[in-house]
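Note sheet for the following structure.
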Number of protein chains: 2
Amino acid sequence: MSQTAALAARVPSDSAKLPELAKAGTYRRILEESLMLFAQRGYHGTSVRDIASAVGVQIAAVYVHFPSKGHVLAELCRIGHEEHQRALRAALLDAGSSPADQLSALVRAHVRLHAEYAMLATVANYELHALPEELAGATLALRKQSEALLIEICERGVAQKKFKTPDVVITAAAIGAMGMRVAQWYRPELGKSIDEIANVHAELALRMFTAR
Amino acid sequence: MSQTAALAARVPSDSAKLPELAKAGTYRRILEESLMLFAQRGYHGTSVRDIASAVGVQIAAVYVHFPSKGHVLAELCRIGHEEHQRALRAALLDAGSSPADQLSALVRAHVRLHAEYAMLATVANYELHALPEELAGATLALRKQSEALLIEICERGVAQKKFKTPDVVITAAAIGAMGMRVAQWYRPELGKSIDEIANVHAELALRMFTAR
DNA sequence: GTCTATACTATGATAGAC
DNA sequence: GTCTATCATAGTATAGAC
């Protein structure tokens with residue numbers, strides 16, 4: 001699809017950053033260029049021709065590395081959710097045992113990932129629905145686990161009477177949502193560092209659990 | 001596109017609810033069925049054939065009412081953002097003059113809209129990027145105005161020293177984000193009323209502006 | 001306003017040479 | 001692993017009859 005001018009950029013970031021991967025060469029280039037295209041135009045708005053052209057190879061070369069366009073998206077979604085979960089778990093290991101410390105650490109990691117890997121997060125979060133079940137399974141399992149990490153911390157805080165909330169599930173959803181959204185507005189030119197943004201979100205999350 | 005099994009539903013809601021519109025008949029049916037299809041599969045994942053088939057007419061009949069598929073999406077995005085802004089303005093007229101009352105009223109209206117019109121909100125928020133500039137202009141203007149409404153209330157609260165925050169812009173973005181996200185998880189079967197959910201979000205927003 | 005029929009282009013994917 | 005060439009299908013959109 002040659003596509004008419006994209007107007008409202010879905011992702012202000014212009015870096016198709018991927019976590020460290022063992023594989024290199026054309027395989028990786030396909031992932032990188034697909035990431036940029038899927039983030040900008042969406043999965044269905046991107047053709048295999050677009051991908052091949054961006055990589056600088058012919059269409060047939062793409063099919064040497066991936067059996068279908070869906071497999072490219074599936075891999076990006078999986079990588080994104082895997083890196084997300086890795087970041088959350090690493091943050092929790094560094095955090096203390098109090099629910100407040102844990103929530104703060106988790107939110108900061110969550111936000112940092114969505115700012116640093118804005119394109120990857122956008123594709124993994126908003127294009128996953130385009131995949132058939134068999135290709136999305138791994139990603140959905142990861143997502144469920146990561147959601148559970150957040151919910152458990154919140155519920156532990158409530159059980160210990162450290163967190164006050166009218167509804168712990170809604171509050172957890174809200175905390176997840178505000179962090180995810182960072183991928184849609186963060187740009188280095190804003191003059192706010194990623195750490196600064198992450199810290200503000202952690203503070204907001206803690207306030208959400210503090211009665212007025 | 002006959003499309004393989006959609007796995008991770010983007011919108012749990014199953015009602016393609018539209019605000020009151022003057023027009024009826026096939027024109028409206030096209031909007032309703034397109035809304036459902038765009039919400040479930042995305043704009044590029046939906047063909048004019050899919051739309052015609054859902055409405056129960058031939059493809060050519062669709063083109064009698066809309067000059068292109070893009071115009072159908074443009075109209076849905078415009079309707080969604082218009083209803084959103086109408087709801088925000090109505091809420092503000094009913095609210096008192098204190099920033100807290102105004103923020104609470106605005107957030108409740110914002111959340112109610114995203115729960116009541118979940119599909120419309122999803123399409124208007126997440127498919128707009130598929131439109132070329134000339135078709136998205138009206139919607140973008142509305143969005144900018146609605147964002148300004150929220151920001152202004154927040155900044156007024158800060159100026160009056162009623163709201164405490166480390167960063168008013170980030171906080172406003174977070175408040176907008178948590179409300180938008182409701183469209184992605186709200187279902188009547190959850191056993192939570194829309195008003196209840198809206199009230200919780202209003203409380204969370206006020207807490208975000210309250211120092212610990 | 002709706003239909004049938006069709007034009008034309010783009011699409012995902014494969015075969016077979018190098 | 002990459003290329004050229006090709007297939008079968010699906011895509012948007014239009015013409016002209018009723």
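Residue numbers begin at 1 in each chain, while the letters A, B, ... track the order of the sequences.
Look at CD1 on A:Ile51: it is 10 Å from P on C:dA13, rounded to the nearest Å. In this structure, A:Ile59 atom CD1 and C:dT11 atom P are separated by 9 Å, rounded to whole Å. Atom-to-atom, CZ of A:Arg49 to C1' of D:dC7 comes out at 12 Å; the value is rounded to the nearest Å. Between the C1' atom of C:dG1 and the CD1 atom of B:Ile30 lies a distance of 11 Å, rounded to the nearest Å. Here the C1' atom of nucleotide D:dT14 and the NZ atom of B:Lys69 are 17 Å apart, to the nearest Å. Rounded to whole Å, atom P of D:dG11 lies 12 Å from atom CG of B:Leu37. B:Tyr63 places its OH atom 13 Å from the C1' atom of C:dC8, with the value rounded to the nearest Å. The nearest whole Å value for the distance from the NZ atom in A:Lys23 to the C1' atom in D:dG1 is 13 Å.
The side chain of B:His65 sits closest to C:dG1 out of C:dG1, C:dT14, D:dC3. Minimum atom distance to the side chain of A:Ala60 is reached by D:dT4, of the listed D:dT4, D:dA13, D:dG11. In this structure, of C:dT2, D:dT12, C:dA13, it is C:dT2 that holds the atom nearest to the side chain of B:Thr26. Side chain of A:Ala61, nearest nucleotide from D:dC3, C:dG12, D:dA13: D:dC3. Of the listed nucleotides (D:dA13, D:dC3, C:dG12), D:dC3 has the atom at the smallest distance from the side chain of A:Val57.
Of the possible polar contacts, none joining the A:Arg143 side chain to the A:Thr139 backbone as a donor-acceptor pair under 3.5 Å is found. Put simply, the side chain of B:Glu127 gets close to the backbone of B:Tyr43: a donor and an acceptor are under 3.5 Å apart.
Residue A:His44 has no polar side-chain atom (N or O) positioned under 4.0 Å from OP1 or OP2 of C:dT11. Neither OP1 nor OP2 of D:dT2 sits under 4.0 Å from any side-chain N or O of A:Gln58.
Between B:Phe209 and B:Phe163, the angle of the ring planes stays under 30°, which puts this pair in the parallel group of the 30/60° scheme. Ring orientation note: the planes of A:His65 and A:Tyr27 are nearly perpendicular, at an angle over 60° on the 30°/60° scale.
Using a cutoff of 4.0 Å between basic side-chain nitrogens and carboxylate oxygens, A:Glu75 and A:Arg78 are scored as salt-bridged.
Among the protein residues, A:Val64 comes within range of the nucleic acid bases, having at least one heavy atom under 4.0 Å from a base atom.
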